[in-house]
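Working notes for the structure below.
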Amino acid sequence: MSPLISGLASVASLIFNATAGGPGKSSASRRSGADVEPEPSAVLTLSPQAEALAGFAGKGILVSQGKLENALGAVARGSAGSAANAASAALSGRPVSTQDFQELLTRFGADDAQKAQLTAGFDADKDGSITQDEFLKGLAKTKGVQAGSDFSQAVMQLMDRSGNADGSGNADGSVADKEFAAFSTAFAATGAKRAGVA
C-alpha cells in the first residue's frame, strides 16, 4: 500500500473513532463506557438569533422582551414605540447611573470583580453613567472579531449564566436570543424606573 493511501486510511480511522463515541465524551470515557459531563466551553458564543440582536445593537436599536409570552420588541434611539416598548422608549437619552447598573448586574449574578469590569466596559466616557448608546455599543462588541475580548466574554457569560426571564441560565456556552434580550430588557427597565416610567 502506498504511503499516501496508508496516511489517508489512518486519518479516516482517527476521524471515525473520534465521532463514534458521540459529542461530549473523551476517548477514555468511550473506552470505559462511563458517561462524563462535557466540559464547559472556554469561549462563549452567540446563537445566530442573538448575533442578529447584537447586530441591531450595533445599529442603535435596543431589543427587549415584551410582557406577553416573552415576545421580542425593538425601539430605535429616540423613537416612540408601542405600550409594550414604553420602557425602552423612555430610556432614550436617559443614562443609568453606574450604581444602578451595578445593582442590575447583581441581580444577574455578577460578583464584585465582574461588576467592576462590566461597568468600566460599558461606561465608555467614564462619567459615572451609562447611556443607551454606550450600552448598545457594548452589546455590539459581543459580535464579530471583538467577541473574543475579555469584556465581551464577560458580558456573554453573564447573559448565558442568568439571562432567562426567571433569572436562571443554562450556561451552555451559547447565548440564546432570549438570554440576550433579557439583559437588554433589564437595562431598559432600570432606565425607565430611574425616569419614573416603570
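Just so it is clear, the structure is predicted and the values come from calculations on it, not from any experiment.
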Worksheet item: What do the steps show when you test Leu105 against Phe183 for side-chain contact (heavy atoms from CB on, under 4.5 Å), and what is the final call?
Response: CA-CA 9 Å; Leu105 295 175; Phe183 188 54; 4.0 Å; yes

Worksheet item: In Å and rounded to the nearest 0.5 Å, what is the OG1 to CD distance from Thr142 to Glu51?
Response: 8.5 Å

Item to complete: Only pairs at least two apart or in different chains count here, so list each side chain to side chain donor-acceptor pair (under 3.5 Å) that has a residue in residues 144-155.
Response: Ser149-Ser152

Worksheet item: Can you tell me how far the CG atom of Leu62 sits from the OG1 atom of Thr185, to the nearest 0.5 Å?
Response: 7.5 Å

Discussion item. Suppose we screen for side chain to side chain donor-acceptor pair (under 3.5 Å). Which residues come up paired with Gln99, at least two apart in sequence or across chains?
Written reply: none

Practice prompt. Only counting residues at least two apart or in another chain, list the ones meeting salt bridge (Lys or Arg N to Asp or Glu O under 4.0 Å) with Lys115.
Written response: Asp112

Practice prompt. Compare all side-chain heavy atoms of Glu179 with those of Arg161 and state whether any distance is below 4.5 angstrom.
Written response: no

Discussion item. Contact between Val175 and Thr45 at the side-chain level, heavy atoms closer than 4.5 Å - yes or no?
Written reply: no

Response to the item:
Hits for side chain to side chain contact (heavy atoms under 4.5 Å, CB included) against Thr131, two or more places apart or cross-chain, chain-then-number order -> Pro95, Asp133, Glu134

Fill in: Close side-chain approach of Phe101 and Thr190, heavy atoms under 4.5 Å
no

Practice prompt. Could you tell me whether a side-chain N or O of Asp160 sits under 3.5 Å from a main-chain N or O of Gly173, the two making a donor and an acceptor?
Written response: yes

Practice prompt. Would you list the pairs meeting side chain to side chain donor-acceptor pair (under 3.5 Å) in which at least one residue belongs to residues 116-128, sequence neighbours left out?
Written response: Gln102-Thr119, Asp127-Ser129

Worksheet item: Would you call Met156 and Val43 a side-chain contact if the rule is heavy atoms closer than 4.5 Å?
Response: no

Discussion item. In this structure, is the centre-to-centre distance between the rings of Phe187 and Phe122 below 6.0 Å?
Written reply: no

Worksheet item: If we only count heavy atoms from C-beta on, is the Phe180 to Leu139 side-chain gap below 4.5 Å?
Response: yes

Worksheet item: Between Lys178 and Gln49, does a side-chain contact (heavy atoms from CB on, under 4.5 Å) hold up when you go through it step by step?
Response: CA-CA 9 Å; Lys178 289 183 178 165; Gln49 297 85 358; over 6 Å; no

Worksheet item: Can you name the side chain to side chain contact (heavy atoms under 4.5 Å, CB included) partners of Ala186, sequence neighbours left out?
Response: Leu104, Phe108

